[in-house]
Novice: 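I am attaching a structure below and will ask some questions about it afterwards.
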Protein chains: 2
Amino acid sequence: MSGTNRRRITSKELAKLAGVSSATISRAFSPDSRIGSATRDRILAVAREYGYQPNAIARSLNNQRSRLVALVVNAIGNPCEAEEQQLLVHRLQARQLLPILLCCADHSDRLQLMRLASTYQVDHVVIFSDMVSMQDAVDIFHTTRPIIVSFEPLENEDVSNIRIDGAVGAGEIIDKIVGDGKKRFAYLSGTKSSWIDKLRRKWFADALARHGLAFEAEAFGDYSYDSGFKEAVLLLHRSKVDAIICGNDVMAIGARDAARRVLGKNTPDDIAIVGQDGIAMAAWDCNDLTTLSLDHAAFMDAVVEVIERHEAGDEGPHSITLACTPRWGSTA
Amino acid sequence: MSGTNRRRITSKELAKLAGVSSATISRAFSPDSRIGSATRDRILAVAREYGYQPNAIARSLNNQRSRLVALVVNAIGNPCEAEEQQLLVHRLQARQLLPILLCCADHSDRLQLMRLASTYQVDHVVIFSDMVSMQDAVDIFHTTRPIIVSFEPLENEDVSNIRIDGAVGAGEIIDKIVGDGKKRFAYLSGTKSSWIDKLRRKWFADALARHGLAFEAEAFGDYSYDSGFKEAVLLLHRSKVDAIICGNDVMAIGARDAARRVLGKNTPDDIAIVGQDGIAMAAWDCNDLTTLSLDHAAFMDAVVEVIERHEAGDEGPHSITLACTPRWGSTA
DNA sequence: TATCGTTGTGCAAACGATTACACAAACGAT
DNA sequence: ATCGTTTGTGTAATCGTTTGCACAACGATA
């Protein structure tokens with residue numbers, strides 16, 4: 001309480017103040033350990049008085065459990081990821097687990113970053129980023145069993161993972177757009193190299209194939225509004241597509257703006273535009289995006305469920321798949 | 001490399017393998033310590049072979065420095081914060097500092113959360129959230145000297161902080177809007193209780209006063225699009241304002257949508273709408289918001305500069321103030 | 001050759017908790 | 001009065017590093 005002293009008091013010092021041994025101090029802070037309730041109350045009172053809290057670093061060293069979780073993400077600045085991550089952080093906090101954030105975007109050295117985090121003996125690793133390879137993650141966190149979110153399935157590796165399946169939802173969306181008379185489709189990828197992006201594209205490509213259609217044009221962005229805008233302009237200048245499926249919602253908004261502003265084409269009559277993710281912004285009145293949407297809360301519930309199984313000692317690997325469903329807006 | 005063994009190798013074991021003592025292992029990983037370069041090379045080679053990395057938890061315990069930074073934020077799901085936070089995370093990572101994320105939004109117990117983080121002996125604390133009181137932060141992190149971002153100035157506390165000053169910029173914006181003939185202003189707050197929100201309101205109120213005007217109506221939201229939309233509807237139904245200053249950009253977009261969709265009023269002719277923050281989304285073609293904007297990169301540079309001074313032993317308190325400048329869009 | 005830095009290494013004590021083990025006190029049952 | 005069990009506490013080892021101190025080996029100097 002007397003908050004001005006610079007150094008934190010240790011259990012040994014508190015022990016002296018309370019007239020007990022440091023072992024007893026420790027026991028006072030462990031819910032189920034043999035200790036007299038009078039002693040415990042006295043210790044907790046003295047601890048409060050001197051602002052004592054057990055040092056989590058020392059405890060982690062002894063326990064071999066840090067209660068830290070590494071969150072490997074592309075970026076938190078992009079709402080398409082941040083909304084999910086926020087939900088996960090809340091769930092972790094509720095379980096007294098603290099997230100360490102690793103942002104892989106830009107030109108940071110992803111491998112070095114993961115190696116650094118791994119030296120902190122994190123109890124769990126959740127990989128959102130599609131910019132790190134699963135093999136790298138497994139190698140670097142070889143004592144931790146990472147949980148991979150929506151990642152390439154490799155048969156020979158036993159890694160827990162949460163996958164998404166939008167085949168059905170993508171089919172419904174394509175049916176609707178084709179039914180509205182659109183015939184010439186383009187796919188605007190979020191990134192050139194990621195497996196998840198290829199998977200998402202395949203859902204739509206398969207659905208098109210059922211109508212005897214295929215993507216007539218392709219472009220690659222970087223999940224950002226600006227890239228969605230720019231690539232859509234180029235795309236619409238070089239080919240006469242009347243529907244664009246985008247890698248995420250933010251790019252879809254960029255593409256919609258580009259079509260409207262630069263080409264003078266409006267959704268859904270002149271051109272259909274579809275996003276993916278179903279972030280809150282997609283439902284804003286100014287966007288009202290048609291998008292292949294994910295139940296983010298259920299998604300993060302699944303992550304937490306796997307974490308809890310790992311904590312219980314059942315390291316799986318566990319695999320959970322969630323379906324994506326269309327959100328119908330006015331852009332397609 | 002042989003990534004399948006579950007336990008991490010320790011310096012003592014590596015010492016045996018390399019035929020040296022564990023002290024020498026440690027020295028091999030400390031850039032400037034007395035060690036033969038032949039020995040170091042050999043150790044590093046063996047370390048690579050067995051996948052050894054020094055345990056950061058043990059090191060932190062010994063060093064009394066964890067290289068962890070607590071980031072106390074409201075939410076990362078809201079782009080108005082996430083963009084800044086992303087920039088800070090990159091800057092920290094570049095310095096081998098790892099951020100622990102604490103999200104205060106919703107109903108998490110903020111104090112308990114901060115206490116938990118403080119037990120990890122974080123080297124620095126950066127408080128973005130306006131939902132925690134400065135006094136609480138100082139009490140809980142009494143060994144760490146938190147850095148407060150845009151917070152209430154208390155004379156008797158020595159806390160480093162970064163402030164923003166938008167008095168001039170707000171003046172320019174008000175001048176323009178009044179010049180366009182608007183006379184009846186409302187302020188749509190981001191939150192009822194935060195000091196920073198009151199400060200921002202004051203910049204605009206003072207500017208209005210110079211024109212002999214004052215806010216005719218007030219409303220309070222929660223920094224979200226939905227609250228911006230809902231409060232704007234109520235506001236516009238109960239009073240005839242022709243300009244709304246909003247607590248952040250997301251709320252401004254909500255208010256703009258509400259005016260357009262529910263009331264049929266368009267910006268900037270029927271109503272002027274102004275945001276605050278200057279997030280990327282404000283410049284999107286579909287928004288093109290007039291907003292009192294902050295240079296986020298400079299802002300986070302300032303945070304890092306204070307952190308570096310603290311690391312150098314100069315605990316200040318340091319205080320840096322940055323000016324906000326208007327971004328002119330088509331909404332006002 | 002004796003002396004003096006310099007360099008490289010090992011020993012052992014921290015850092016601040018947790019916990020197996022030992023033991024004394026208290027208690028109930030015979 | 002005796003024994004066995006339970007309860008509460010202290011002692012000391014442990015977790016995996018870092019680092020002050022001691023010391024041996026070495027080359028350079030006089």
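Here is how names work: the chains are called A, B, and so on, in the same order as the sequence lines, proteins then strands, and each is numbered from 1.
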Novice: Can you see which heavy atom on A/Ser21 is nearest to which on A/Ala15, and at what distance?
Specialist: C-CB, 3.6 Å
Novice: Taking side chain to side chain donor-acceptor pair (under 3.5 Å) as the test, write out the residues that go with B/Glu83, two or more places apart.
Specialist: none
Novice: Counting the atoms with a prime plus P, OP1 and OP2 as sugar-phosphate, which does B/Thr39 contact under 4.0 Å by heavy atoms, base, sugar-phosphate, or nothing?
Specialist: sugar-phosphate
Novice: Ignoring hydrogens and geometry beyond distance, is a side-chain donor-acceptor pair present between A/Gln96 and B/Gln112 at under 3.5 Å?
Specialist: yes
Novice: Name the nucleic acid region contacted by A/Arg59, choosing base, sugar-phosphate or nothing; use a 4.0 angstrom heavy-atom cut-off, strictly under.
Specialist: sugar-phosphate
Novice: Once side chain to side chain donor-acceptor pair (under 3.5 Å) is applied, do any residues pair with A/Gln53, and if so which ones, sequence neighbours excluded?
Specialist: none
Novice: Please list, in 5' to 3' order, the outermost nucleotides of DNA chain C lying under 4.0 Å from any heavy atom of chain B.
Specialist: C/dT7 to C/dG16
Novice: Counting any heavy atom closer than 4.0 Å, what does A/Ser60 reach on the DNA or RNA strands: base, sugar-phosphate only, or nothing?
Specialist: nothing
Novice: What pairs with B/Tyr52 under ring-ring contact (aromatic ring centres under 6.0 Å, His included), at least two apart in sequence or on another chain?
Specialist: B/Phe29
Novice: For A/Leu102 and A/Leu116, what are the C-alpha separation, side-chain angles and deciding distance, and is it a side-chain contact (heavy atoms from CB on, under 4.5 Å)?
Specialist: CA-CA 10 Å; A/Leu102 312 185; A/Leu116 178 59; over 6 Å; no
Novice: Of the non-hydrogen atoms in A/Ser66 and A/Ser60, which two are nearest, and what is the gap between them?
Specialist: CA-OG, 3.5 Å
Novice: Which residues satisfy the salt bridge (Lys or Arg N to Asp or Glu O under 4.0 Å) test with A/Arg309, sequence neighbours excluded?
Specialist: A/Glu305
Novice: Return the 5'-most residue of the pair B/Gln64, B/Ser22 with respect to DNA chain C, ranking by each residue's nearest nucleotide.
Specialist: B/Ser22
Novice: Applying a 3.5 angstrom cut-off to the pairing atoms, does DNA chain C sit in any stems of at least three consecutive Watson-Crick or G-U pairs? List them by first number.
Specialist: C:1-30 with D:1-30
Novice: Testing A/Glu315, A/His310, A/His124 one by one against A/Ser160 for a side chain to side chain donor-acceptor pair (under 3.5 Å), which residue passes?
Specialist: A/His310
Novice: Go through the structure and list residues passing side-chain contact (heavy atoms from CB on, under 4.5 Å) with B/Ala94, not counting sequence neighbours.
Specialist: none
Novice: So, using salt bridge (Lys or Arg N to Asp or Glu O under 4.0 Å) as the criterion, who are the partners of B/Asp123 when residues are at least two apart?
Specialist: B/Arg65
Novice: Only counting residues at least two apart or in another chain, list the ones meeting side chain to side chain donor-acceptor pair (under 3.5 Å) with A/Asn63.
Specialist: none
Novice: May I ask you to list the residues of residues 23-31 of chain A, by number, that have any heavy atom positioned under 4.0 Å from an atom of DNA chain D?
Specialist: A/Ala23, A/Thr24, A/Arg27
Novice: Applying side chain to side chain donor-acceptor pair (under 3.5 Å), name anything that partners B/Asp301, two or more places apart in sequence or on another chain.
Specialist: B/Arg91
Novice: Quick check for you: name the first and last nucleotides of DNA chain D, 5' to 3', having an atom under 4.0 Å from a heavy atom of chain A.
Specialist: D/dT7 to D/dG16
